[in-house]
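First comes the structure, then the notes that go with it.
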Amino acid sequence: MTNNINGIGINTKGVNSYVNPKTQGEAKSEENANNKQAQTTGAQVKPEDVLTYMAQNAVVVNPKSVTRTYDVAKYVTPEQAARIAGFIGGFEDEVAKGLLAINEELKGVNLPEAAKYELAAKMAESKN
(Lines give C-alpha, C1' and ligand atoms only; values in the text may rest on other atoms or scores of the structure.)
Protein backbone atom coordinates (compact mmCIF):
# COMPACT_ATOMS: atom_id res chain seq x y z
CA MET A 1 0.00 0.00 0.00
CA THR A 2 1.33 3.41 -0.86
CA ASN A 3 0.38 6.44 1.20
CA ASN A 4 0.58 9.92 -0.19
CA ILE A 5 2.19 12.24 2.38
CA ASN A 6 2.62 15.75 1.00
CA GLY A 7 2.85 14.42 -2.51
CA ILE A 8 5.54 11.83 -1.74
CA GLY A 9 4.71 8.18 -2.20
CA ILE A 10 5.82 6.09 0.80
CA ASN A 11 5.65 2.33 0.92
CA THR A 12 4.73 1.57 4.54
CA LYS A 13 4.92 -2.19 4.00
CA GLY A 14 8.65 -1.99 3.29
CA VAL A 15 9.50 -0.18 6.55
CA ASN A 16 8.89 -3.15 8.81
CA SER A 17 8.39 -6.09 6.51
CA TYR A 18 9.16 -8.71 9.17
CA VAL A 19 6.03 -9.85 10.89
CA ASN A 20 6.44 -12.09 13.92
CA PRO A 21 4.32 -15.18 13.22
CA LYS A 22 4.43 -16.33 16.87
CA THR A 23 1.92 -15.24 19.40
CA GLN A 24 2.64 -14.49 23.06
CA GLY A 25 1.59 -17.95 24.28
CA GLU A 26 3.73 -19.79 21.74
CA ALA A 27 6.82 -17.76 22.63
CA LYS A 28 6.48 -18.54 26.33
CA SER A 29 6.07 -22.26 25.75
CA GLU A 30 9.18 -22.29 23.55
CA GLU A 31 11.22 -20.42 26.20
CA ASN A 32 10.15 -22.95 28.84
CA ALA A 33 11.23 -25.82 26.57
CA ASN A 34 14.65 -24.19 26.08
CA ASN A 35 15.08 -23.69 29.84
CA LYS A 36 14.26 -27.33 30.51
CA GLN A 37 16.89 -28.45 28.04
CA ALA A 38 19.53 -26.16 29.58
CA GLN A 39 18.98 -27.55 33.07
CA THR A 40 20.74 -30.85 32.63
CA THR A 41 22.15 -32.49 35.72
CA GLY A 42 25.87 -33.08 35.89
CA ALA A 43 27.97 -35.39 38.02
CA GLN A 44 27.63 -34.85 41.74
CA VAL A 45 30.78 -33.51 43.42
CA LYS A 46 31.54 -33.73 47.11
CA PRO A 47 31.77 -30.36 48.87
CA GLU A 48 35.08 -31.40 50.44
CA ASP A 49 36.56 -31.93 46.97
CA VAL A 50 35.44 -28.47 45.90
CA LEU A 51 36.95 -26.85 48.99
CA THR A 52 40.20 -28.79 48.55
CA TYR A 53 40.42 -27.68 44.93
CA MET A 54 39.77 -24.06 45.88
CA ALA A 55 42.37 -24.17 48.66
CA GLN A 56 45.02 -25.59 46.34
CA ASN A 57 44.34 -22.94 43.69
CA ALA A 58 44.36 -20.11 46.24
CA VAL A 59 48.00 -20.70 47.12
CA VAL A 60 50.18 -18.22 45.28
CA VAL A 61 53.69 -19.34 44.58
CA ASN A 62 56.00 -16.36 44.18
CA PRO A 63 58.53 -16.99 41.47
CA LYS A 64 62.10 -16.15 42.28
CA SER A 65 62.80 -12.58 41.35
CA VAL A 66 65.34 -12.28 38.61
CA THR A 67 67.96 -9.67 39.34
CA ARG A 68 68.54 -7.68 36.22
CA THR A 69 71.40 -5.35 35.61
CA TYR A 70 70.97 -2.38 33.34
CA ASP A 71 73.57 -0.32 31.57
CA VAL A 72 72.55 3.14 32.72
CA ALA A 73 74.91 4.78 30.23
CA LYS A 74 72.64 3.64 27.39
CA TYR A 75 69.73 5.65 28.73
CA VAL A 76 71.06 8.73 30.54
CA THR A 77 74.12 10.93 30.60
CA PRO A 78 76.50 10.77 33.58
CA GLU A 79 75.21 14.12 34.85
CA GLN A 80 71.62 12.86 34.76
CA ALA A 81 72.63 9.61 36.51
CA ALA A 82 74.34 11.58 39.30
CA ARG A 83 71.31 13.84 39.70
CA ILE A 84 68.91 10.85 39.84
CA ALA A 85 71.15 9.09 42.37
CA GLY A 86 71.05 12.23 44.51
CA PHE A 87 67.26 12.30 44.40
CA ILE A 88 67.03 8.62 45.28
CA GLY A 89 69.50 9.00 48.13
CA GLY A 90 67.55 11.94 49.53
CA PHE A 91 64.29 10.00 49.26
CA GLU A 92 65.79 7.00 51.06
CA ASP A 93 67.02 9.28 53.85
CA GLU A 94 63.53 10.79 54.23
CA VAL A 95 61.97 7.32 54.33
CA ALA A 96 64.44 6.25 57.03
CA LYS A 97 63.56 9.33 59.10
CA GLY A 98 59.88 8.59 58.60
CA LEU A 99 60.34 4.99 59.75
CA LEU A 100 62.04 6.19 62.92
CA ALA A 101 59.19 8.60 63.59
CA ILE A 102 56.54 5.96 62.92
CA ASN A 103 58.25 3.43 65.17
CA GLU A 104 58.51 6.05 67.92
CA GLU A 105 54.89 7.17 67.64
CA LEU A 106 53.34 3.73 67.24
CA LYS A 107 55.27 1.71 69.82
CA GLY A 108 52.31 -0.29 71.14
CA VAL A 109 50.57 -0.73 67.78
CA ASN A 110 51.11 -3.95 65.89
CA LEU A 111 51.53 -2.55 62.37
CA PRO A 112 52.99 -4.65 59.53
CA GLU A 113 56.38 -3.59 58.19
CA ALA A 114 54.98 -3.10 54.69
CA ALA A 115 52.44 -0.61 56.04
CA LYS A 116 55.16 1.25 57.94
CA TYR A 117 57.27 1.53 54.79
CA GLU A 118 54.27 2.72 52.79
CA LEU A 119 53.47 5.40 55.37
CA ALA A 120 57.09 6.51 55.49
CA ALA A 121 57.23 6.71 51.68
CA LYS A 122 54.04 8.77 51.59
CA MET A 123 55.48 11.10 54.23
CA ALA A 124 58.69 11.51 52.22
CA GLU A 125 56.72 12.03 49.02
CA SER A 126 54.62 14.79 50.55
CA LYS A 127 57.74 16.69 51.67
CA ASN A 128 58.97 16.98 48.09
Side-chain angles (χ1 to χ4, degrees):
M1 173 177 168
T2 304
N3 292 336
N4 190 359
I5 300 176
N6 296 332
I8 300 173
I10 296 176
N11 184 1
T12 56
K13 292 283 188 183
V15 174
N16 188 6
S17 62
Y18 177 76
V19 178
N20 191 1
K22 298 179 188 174
T23 61
Q24 293 278 341
E26 291 176 4
K28 287 182 182 178
S29 64
E30 185 177 315
E31 288 176 9
N32 291 339
N34 287 340
N35 287 341
K36 288 179 184 177
Q37 290 175 356
Q39 295 175 353
T40 59
T41 58
Q44 295 295 324
V45 180
K46 295 179 185 176
E48 294 84 18
D49 294 340
V50 173
L51 293 175
T52 303
Y53 174 78
M54 290 171 61
Q56 288 173 350
N57 285 338
V59 175
V60 177
V61 179
N62 291 334
K64 291 184 180 180
S65 63
V66 178
T67 305
R68 297 181 183 177
T69 57
Y70 295 98
D71 186 15
V72 179
K74 286 183 179 178
Y75 306 105
V76 296
T77 63
E79 296 83 23
Q80 291 172 332
R83 189 184 61 185
I84 292 169
F87 286 139
I88 297 297
F91 181 75
E92 289 174 345
D93 292 341
E94 289 295 323
V95 170
K97 289 178 189 176
L99 281 174
L100 290 174
I102 290 170
N103 287 333
E104 185 66 31
E105 289 291 324
L106 303 173
K107 284 184 180 177
V109 179
N110 187 13
L111 193 64
E113 286 296 315
K116 290 180 184 178
Y117 276 103
E118 187 173 349
L119 285 172
K122 291 287 184 186
M123 289 169 47
E125 182 181 294
S126 64
K127 288 184 181 181
N128 291 334

Tightest non-hydrogen contact, residues Gly98 and Ala120, listed as C-CB, 4.0 Å
*asked:* Testing the basics here: between Ala124 and Glu94, what is the closest heavy-atom pair and its distance to 0.1 Å?
replied: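 Shortest heavy-atom separation between Ala124 and Glu94 comes out as CB-CB, 3.5 Å.
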For Asn110, does the CG atom have more than 12 heavy-atom neighbours from other residues, nucleotides or ligands under 6.0 Å away?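 12 or below, so no.
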Next on the checklist: Are there over 12 heavy-atom neighbours, none belonging to Glu118, within less than 6.0 Å of that residue's CD?
Outcome noted: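 Check fails, neighbour count at 12 or below.
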Same apolar cluster: [X] and [Y], side chain cutoff 4.5 Å:
| X | Y | result |
| --- | --- | --- |
| Leu100 | Tyr117 | no |
| Val76 | Tyr70 | no |
| Met123 | Phe87 | no |

Checklist entry - Hey, are the side chains of Leu106 and Lys116 touching, using non-hydrogen atoms and a 4.5 Å cut-off? => result no
Discussion item. Can you confirm whether Leu119 sits close enough to Leu111 that some side-chain heavy atom of one is under 4.5 Å from a side-chain heavy atom of the other?
Written reply: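 Side chain of Leu119 against side chain of Leu111, heavy atoms only: contact under 4.5 Å found.
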### Query
Is a side-chain N or O of Gln80 found less than 3.5 angstrom from the main chain of Thr77, in a donor-acceptor match?
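Between the backbone of Thr77 and the side chain of Gln80 there is a qualifying donor-acceptor contact (under 3.5 Å).
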In this structure, CE of Met54 is separated from CG of Asp49 (nearest 0.5 Å) by 13.0 Å
